[in-house]
Amino acid sequence: MADDLNKPKFRWHIVVFLAPAVLVYSAVMIYPLFNTLRLSLFTEVDQERVYVGLQNFKTLFGQTVWSDQFWNALANNFWFFVIHMLVQNPIGIALAAILSHPKLRFAAFYRSAIFIPTILSFVIVGFAWKLILSPIWGIAPGMLDAVGLKSLYAPWLGKEAYALTTLSLVSVWQFVGIPMMLIYAALLSIPDEILEAAEVEGITGLSAFWKIKLPLILPSIGIISILTFVANFNAFDLIYAAQGALAGPDFSTDILGTFMYRTFFGFQLQLGDPHMGSTIASAMFAIILIGVCLYLFGIQSRMRRYQF
Amino acid sequence: MKTSNFIGAMLASTVIAGAASAQDVTLTIESWRNDDLAIWQEKIIPAFEAAHPGIKLNFTPSAPAEYNAVLNSKLDAGSAGDIITCRPFDASLALFEAGHLADISGIEGMASFSPVAKSGWSTDDASVQFCVPMASVIHGFIYNKDAFAELGLSEPTTEAEFFAALEAIKEDGSYIPMAMGTNDQWEAATMGYNNIGPNYWKGEEGRLALLAGDQKLTDEAWVAPYRQLAKWGDYLGDGYEAQTYPDSQNIFTLGRAAIYPTGSWEISGFNGLADFEMGAFYPPVQNAGDTCYISDHTDIGIGMNAATPNPEAATVFLNWVGSSEFATIFANSLPGFFPLSDAPVTLEDPLAQEFISWRGECESTIRSTYQVLSRGTPNLENETWNASVAVIKGEESPEDAGARLQDGLASWYEPQQ
């Protein structure tokens, strides 16, 4: 009897409670992910699926027809990411710093107003901005004309030199609320004692932000950077909604997501090729995995954390 | 007790209803023509069902841009409809080769079509047909008759007259000379390059020579259309780089532009939108008196899912599509989609009559990039979109564009190597 009591009982409730999440996650995430990786090792010859090893990757990186498109998409993707890192995250941090100022009035209103675009659908954002910037119906040319700056207006979305940057900024406009919210939460969690102690030492205002608050929110900034990285390299929707699957003009807004979509599902007369599409998807997965690993092992493990 | 009785009644009624409808066969039609939903439901389906009791039709279109992808996944999953609307050439040929489209060479309805009409849905050696040709679209230019009258212009027939007209409209300044944008890319190729091109490469003659490898995309006949396109850029209106296809349609139907390079498929839509009189002219020839060539492109076919459980009913429907009854209903409810069958059809719409009258005056051909040449990677059709846009914007010279396309084509197409 005593033995029975000491022996730990198998805790069925853990299995039961975990099962729904594990099953759903495996069915909609894990299985498709591994199946995509598997699919990239096959190709179709005469309606038969044939195993070809890494041949698809050789094609993707070895044939200029494919590799030019791939490197173009990757370079565009990096630029997309750089704009987010240089514009979205600093603005998000600045907004959070301003919002957390105790004397700011209507803080709740600003917070919601800035966060609302984040919950809008990509289709709405893409379409609305396309209309705003349209040379024909848009309000952008008219507004610039009203302040005498009509000469600065260009059909941005139609010019190769500007289209990608314009779309990146639209995406920044949409998502600036996320870093703002995360940093805002981090700033609120800094204990007042620390700030008061700093004040006693004569550190106030801007220097309090640079010397006290910023070091304390660095871990949050790290998380935001990695979230931005993953989101940007998985991006697809906004470009597709605004420029279509050909990511015009002349592929200047083509990112890995649109390149993968075009290849996988086909477009207009181009027939879909699920195997090359999976190859590109696997390459995207590898790029994101490498980026996240670099961050986790290279940066996050060295970051200093402060316990309050 | 009450509840279970109620459920029992529901179940019973379902069983009875199921038994009653079991005698009817319902054919589901896959299509990308979601614009035509009303016409199918109000005209085509009632006409067919009245003549063929026992067969019901269910028209289930999806968005044009997604159609190919959606259809392919449905066919692979076995959930596609009985009747498949066929894109011309390789997209459908691939479906046939994959065993998704049935061989319908033998059905009676196919007898009323010419070989050119059938070419869009035949195997390369033309021995097997897998879709009934349904309609073609003719390229040309639609113009605002009121604007032309106001400026004292007449329909241009030669290139010189065409550019003189554009220049006159531009100088006057009250209309945008030509409504076309390069944002969506395909207009530049479809309504630009493949619209004016046949005059240079002499229609079928040049197209077949290109297929056989006797002509190259760097030849004068294939570069010259790009030279003309390069001159279009000046007449397209401010910010055409970011102008989309719907933008162009709206600009023209609102009466803000004088000329609209297009195809006949716009007619039905434009009739309801434009409150001015529209006319049409075919692509101007190089010198007065030259033979004119028009792109009379086979655009829609209709075939049978090889896995359909109702092949007999589907065959009945396909035969009906080949009949003159269908051709008349279709052509008149959708002026601008011209039936391909030899069956006699009377068109009522004046603009559509104008377009179809060119078949008598000019030689017909189809879009140069569609048959075989867009089978490999890089895809010639998509490359042509890109090249046409680059040439209009002045970012690439006509000669460079031709050379780039030729290199791409030669990289996979043997006759061009």
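First the proteins, then the strands, lettered A, B, ... as listed; each starts at 1.
For Q185(B), the part lying near chain A is the side chain, with the backbone staying farther off; criterion is any non-hydrogen pair under 4.5 Å. With a 4.5 Å cut-off on non-hydrogen atoms, Q63(A) does not touch chain B at all. Heavy atoms of A390(B) lying under 4.5 Å from chain A are absent altogether. Of the atoms belonging to R256(B), it is side-chain heavy atoms, and not backbone ones, that fall under 4.5 Å from chain A. Looking at L380(B), there are no atoms closer than 4.5 Å to chain A (heavy atoms on both sides), in backbone or side chain. In this structure, chain A has no heavy atom under 4.5 Å from any part of N72(B). Heavy-atom distances place no part of S73(B) under 4.5 Å from chain A, backbone and side chain included. Using a 4.5 Å cut-off between heavy atoms, L373(B) makes no contact with chain A at all. Of the atoms belonging to E97(B), heavy atoms from both backbone and side chain fall under 4.5 Å from chain A.
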Test side chain to side chain donor-acceptor pair (under 3.5 Å) on E399(B) and Y226(B) and set out the steps.
-> CA-CA 8 Å; E399(B) 291 74 21; Y226(B) 283 124; over 6 Å; no
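Ring centers of F259(A) and F251(A): at least 6.0 Å apart, outside the cut-off. Ring centroids of W186(B) and Y245(B) are separated by less than 6.0 Å, placing the two rings close together. Ring pair F233(A)/F78(A): centre-to-centre distance below 6.0 Å.
Within residues 133-151 of chain A, the residues having any heavy atom closer than 4.5 Å to a heavy atom of chain B are S134(A), P135(A), I136(A), W137(A), listed by residue number. At a heavy-atom cut-off of under 4.5 Å, chain B is reached by K159(A), E160(A) from residues 159-175 of chain A, listed in order of number. Within residues 79-89 of chain A, no residue has any heavy atom under 4.5 Å from a heavy atom of chain B.
Among the candidates D238(B), N183(B), T182(B), D247(B), the residue making the largest number of heavy-atom pairs closer than 4.5 Å to chain A is D247(B).
Taking the side-chain contact (heavy atoms from CB on, under 4.5 Å) definition, one finds that D296(B) meets it with S136(B), I138(B), R359(B), S364(B), sequence neighbours left out.
Under 4.0 Å is where a charged nitrogen must lie from a carboxylate oxygen, and between K393(B) and E241(B) no such pair does. Checked for salt-bridge contact, R404(B) and E396(B) meet the test: a charged N lies under 4.0 Å from a carboxylate O.
Between the Y193(B) side chain and the W222(B) main chain, a donor and an acceptor come within less than 3.5 Å of each other.
A donor-acceptor pair shorter than 3.5 Å can be found between the side chains of N386(B) and D250(A).
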